[in-house]
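Here the structure is laid out as C-alpha cells; the discussion comes afterwards.
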Amino acid sequence: MSAYPGARADRPTLAVVGATGAVGSVMLQILSTRQDVYGEIRLVASPRSAGRKLSVRGEEVEVVALAPEVFDGVDVAMFDVPDAVSAEWAPVAAERGAVVVDNSGAFRMDDDVPLVVPEVNPEQVRHRPRGIIANPNCTTLSMIVAIGVLHEMYGLSELVVASYQAASGAGQEGVDTLYDQLERVAGKRGLGERPGDIRGVVGGLGPFPAPLALNVVPWAGSLKEDGWSSEELKVRNESRKILGLPDLRVSATCVRVPVVTTHSLAVHAVFDRDVDQREAQAVLAGAPGVVLVDHPEAYEFPTPADVVGTDPTWVGRVRRSLDDPRALDLFLCGDNLRKGAALNTAQIAELVAAELTR
C-alpha cells in the first residue's frame, strides 16, 4: 500500500472506499488541501477500477479492489459508495478494527449509528457501538449547519422547506442528462410556450421523470407512503436526529432544477421564542461553516453559480416572518458534492483521527 509524501507511521491509516466515484474524486481533492492528519492512505474501489492510479497530495496511489483484507490495519474508513455496498462492507471494515464514516443512506436512521454534522453535534462521534458513523444526506447538510446555530439561539419547533436540487444529486447520469438536454434546446427560441414541446426536443430523460432543461421537476428520490418522496422524508427524519428533536415538525418539498452542482433551499423556520432579524443575521455571520451574504438592497444574496466549489453553507434573504414573530424565512445554498457529501465525511473522519492520536 502507498503513502503520500510526508506520511508518518504514528498517524492513523485511512481507507477511502469508492475513491474513483464522483464524491470520491472530490474527497481526494479535499484530502489534498486539508490538514495532514493521516499516515498511509489506501484507495479502494470495485475490481474493475483496481490498478488505476490517482493523485493524493501530489503522489500517485494505486487503487486496490474492495476485499476484507484491505481493511487490515486501517484506523478510519470513509465510504462513498451505494447503499447496498455500504450495507455489506461497512460492517466488514468495522469488524477488522476500522471506524467507518459512511456517506450512504444505509445506516443513517439506525438507533445505534450516530448521524453527525461536526458543527452541530460533534459529541455524537464517540457514541458508535457498531463502529459506524453516518453522514447525512446532501439536502439536509446544505441547510442544517445554519439551522443548527439558529436552534441553539432560539429553540427550533418547526421547519417548512422547499429544496431546489442540482442535477449532480442524481449522480453523473444526472449531470450528463442535463448537459445533453441543454445542447438540444440551445438556440431554440419559443420552446416552453406550448404543452409538451420541450419534452419532444430534449431526448432521453435519464434519472428524471420529466425534462430538466428549461424546466423544474417537483420530484427527487423514490416514492414513499402517501405521496412523499424519499428525499423529502430524509430532510424530516435526519433533521430530527441531528438536532436531537424527535418531535420536530418538518414539511419538505424537493424540486430538481437545471443546475449542475449546488443545492438551494428556501426555509421557513419557527422557533420557541420571538426572533430578531439583525440578531439572527449576526448569529449566522459568526457561525463556523456559514457565510452570510444578505444585502437585498444591492441584490446580493447566495446563488448556486456563486457557491459551487466552495465549502460553507451560504445564507441570505434572512427575514422575520410578516405573520409570526417567532419565525424566520431564509435562503441557503451549499455545494452538494463538498459539504453535502465529501467534506462532512472528511470532517467526521478528522474528529475520529484526533481521538485516536490522543
Side-chain angles (χ1 to χ4, degrees), residues 1-32 34-108 110 112-114 116 125-135 341-342 344-358:
M1 303 292 181
S2 299
Y4 56 76
R8 288 170 40 182
D10 61 345
R11 293 182 178 178
T13 294
L14 173 70
V16 180
V17 183
T20 59
V23 176
S25 299
V26 176
M27 180 65 71
L28 298 188
Q29 296 172 19
I30 289 172
L31 288 173
S32 296
R34 290 181 67 80
Q35 182 181 1
D36 185 6
V37 298
Y38 301 106
E40 180 185 344
I41 291 184
R42 300 179 189 179
L43 305 185
V44 185
S46 64
R48 68 177 178 274
S49 296
R52 289 180 57 184
K53 291 187 176 181
L54 302 175
S55 178
V56 181
R57 290 190 177 271
E59 181 177 296
E60 296 296 302
V61 178
E62 185 173 324
V63 176
V64 298
L66 182 59
E69 56 270 20
V70 303
F71 300 109
D72 291 342
V74 169
D75 299 294
V76 185
M78 297 192 296
F79 275 64
D80 294 305
V81 292
D83 291 9
V85 178
S86 281
E88 178 181 359
W89 286 96
V92 173
E95 287 170 4
R96 297 209 167 213
V99 176
V100 174
V101 184
D102 181 46
N103 190 41
S104 82
F107 305 100
R108 286 175 185 151
D110 291 5
D112 53 358
V113 175
V116 175
V125 163
R126 292 180 172 273
H127 307 297
R128 48 175 194 269
R130 293 166 61 183
I132 300 172
I133 303 167
N135 194 55
N344 201 74
T345 306
Q347 289 173 312
I348 296 170
E350 287 172 4
L351 291 178
V352 175
E355 174 191 328
L356 296 177
T357 52
R358 286 198 184 104

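Shown here for Asp83 and Gly105, the closest heavy-atom pair between the two residues is OD1-N, 3.0 Å. Shortest non-hydrogen contact noted between Ala134 and Ile348 is O-CD1, 4.1 Å. The two residues Val37 and Arg11 come nearest to each other via the heavy atoms O-CB, 3.7 Å. What you find for Arg42 and Thr13 is that their closest heavy atoms are NE-CG2, 4.1 Å. Here the closest heavy-atom approach between residue Gly131 and residue Ala94 is recorded as O-CB, 4.2 Å.
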Step-by-step side-chain contact (heavy atoms from CB on, under 4.5 Å) determination, Leu28 to Leu43: CA-CA 9 Å; Leu28 298 188; Leu43 305 185; 3.7 Å; yes
- request: Tell me, with the steps shown, if Arg96 and Val74 meet side-chain contact (heavy atoms from CB on, under 4.5 Å).
  value: CA-CA 8 Å; Arg96 297 209 167 213; Val74 169; over 6 Å; no
- request: Walk me through it: do Val85 and Leu66 pass the test side-chain contact (heavy atoms from CB on, under 4.5 Å)?
  value: CA-CA 10 Å; Val85 178; Leu66 182 59; 4.0 Å; yes
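For the pair Tyr38 and Asp75, the minimum side-chain heavy-atom distance is 4.5 Å or more. When side chains are defined from C-beta on, Leu356 counts as touching Val76, because their heavy atoms get closer than 4.5 Å. Under the 4.5 Å side-chain criterion, counting only non-hydrogen atoms from C-beta, Asn103 is not in contact with Met27. In this structure, the side chains of Pro12 and Thr357 come closer than 4.5 Å at one or more pairs of heavy atoms.
Rounded to the nearest 0.5 angstrom, Met78 CE and Ile41 CD1 are separated by 7.5 Å. Taking CD of Glu355 as the start and CD of Glu350 as the end, the distance is 14.0 Å to the nearest 0.5 Å. Between the OG1 atom in Thr20 and the CG atom in Leu54 there is a gap of 7.0 Å [rounded to 0.5 Å]. Separating the CZ atom in Arg126 from the CD1 atom in Ile133 is a distance of 10.5 Å, to the nearest 0.5 Å.
Below 30°, between 30° and 60°, or above 60°: for Phe71 and Trp89 the angle between ring planes is between 30° and 60°, a tilted geometry.
Scanning for side-chain hydrogen bond (donor to acceptor under 3.5 Å, both in side chains) contacts around Ser86 gives Asp102, Ser104, with sequence neighbours left out.
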